[in-house]
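Working notes for the structure below.
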Amino acid sequence: MTQHWLFKTEPDAYSIDDLKREKRGSWDGIRNYQARNRLRDDMKIGDLVLIYHSSCAVPAVVGLAKVVSAAKVDPSQFQPSSPFFDAKATADKPRWVMLDIAWQETFAKPLTLKVIKQDPFFADMELVSRGRLSIQYVAAECFNEILRRCR
DNA sequence: GCCAACGTTGGC
DNA sequence: GCCAACGTTGGC
């Protein structure tokens, strides 16, 4: 069964426009265990992913992507020059994973966090209740309603 | 830039 | 294994 997700990204670092230009990209740099476990254990090829811009002027859901690979070792954990370097990760025991997503769509009408927070329909979203988690589940009904409003 | 929320670390 | 200290996230 296809599941629905929301990935946060800071547009200054990597935006929906960057993903569109590259067509697909590896979602690396996740350094939170719960987010990692979801990437590794719960996500399946074909799952749909809302892309959300955080830490910017207008935080909002801005586009749609699709999971196109299984989880795999995130090489940035081994690179001392990377901001995502983890000295405790080894080739034998890697800690962090990434997966690939492909751009699907950039929304005509991004749905802002402000609107999401104001609407009781979205009250149970992790975006509202667990703001800091970077890989979030999205219930099918919320996902469909977001798509409907953004297009 | 502030600060609340919350995840991680490490001493005990 | 508890919990205080500390670091990070991210909205405002």
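A, B, ... follow the sequence lines: proteins, then strands. Residue 1 opens every chain.
For A/Trp5, the ring pair (Phe, Tyr, Trp, His ring centres under 6.0 Å) partners two or more places apart in sequence, or in a different chain, are A/Tyr137. Residues satisfying the side-chain hydrogen bond (donor to acceptor under 3.5 Å, both in side chains) criterion with A/Asn144, sequence neighbours excluded, are absent altogether.
No hydrogens or angles considered: nothing links the side chains of A/Ser134 and A/Arg31 as a donor-acceptor pair under 3.5 Å.
One can place CD1 of A/Ile116 at 13 Å from C1' of C/dG11, the figure rounded to the nearest angstrom. The CD atom of A/Glu10 sits 15 Å away from the P atom of C/dC12 (whole-angstrom rounding).
Pairs engaging residues 130-148 of chain A under the salt bridge (Lys or Arg N to Asp or Glu O under 4.0 Å) rule: A/Glu145-A/Arg148, A/Glu145-A/Arg149 [sequence neighbours left out]. For residues 96-107 of chain A, the salt bridge (Lys or Arg N to Asp or Glu O under 4.0 Å) pairs, not counting sequence neighbours, are A/Arg24-A/Asp100, A/Lys72-A/Asp100, A/Glu105-A/Arg151.
Each end of the helix from B/dG1-C/dC12 to B/dC12-C/dG1 gets its own rotation axis from five pairs of C1' atoms, and the angle between them is 10° to the nearest 10 degrees.
Clustering of Ile, Leu, Val, Met, Phe, Trp and Tyr by side-chain heavy atoms under 4.5 Å joins A/Val73 with A/Phe78. Under a 4.5 Å side-chain heavy-atom criterion applied to ILVMFWY residues, the cluster that includes A/Leu50 comprises A/Leu6, A/Leu48, A/Tyr52, A/Val61, A/Leu64, A/Phe107, A/Leu111, A/Leu113, A/Val115, A/Ile116, A/Phe121, A/Phe122, A/Met125, A/Leu127, A/Val128, A/Val138, A/Phe143, A/Ile146, A/Leu147 as well. Under a 4.5 Å side-chain heavy-atom cut-off, the cluster of Ile, Leu, Val, Met, Phe, Trp and Tyr residues that includes A/Trp96 is completed by A/Tyr33.
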Short heteroatom pairs, N/O only, protein and nucleotides 6-10 of chain B, under 3.5 Å:
from  : atom 1 : to       : atom 2 : distance (Å)
B/dC6 : O4'    : A/Arg132 : NH1    : 2.8
B/dC6 : O2     : A/Arg132 : NH1    : 2.7
B/dG7 : OP1    : A/Arg130 : NH2    : 3.3

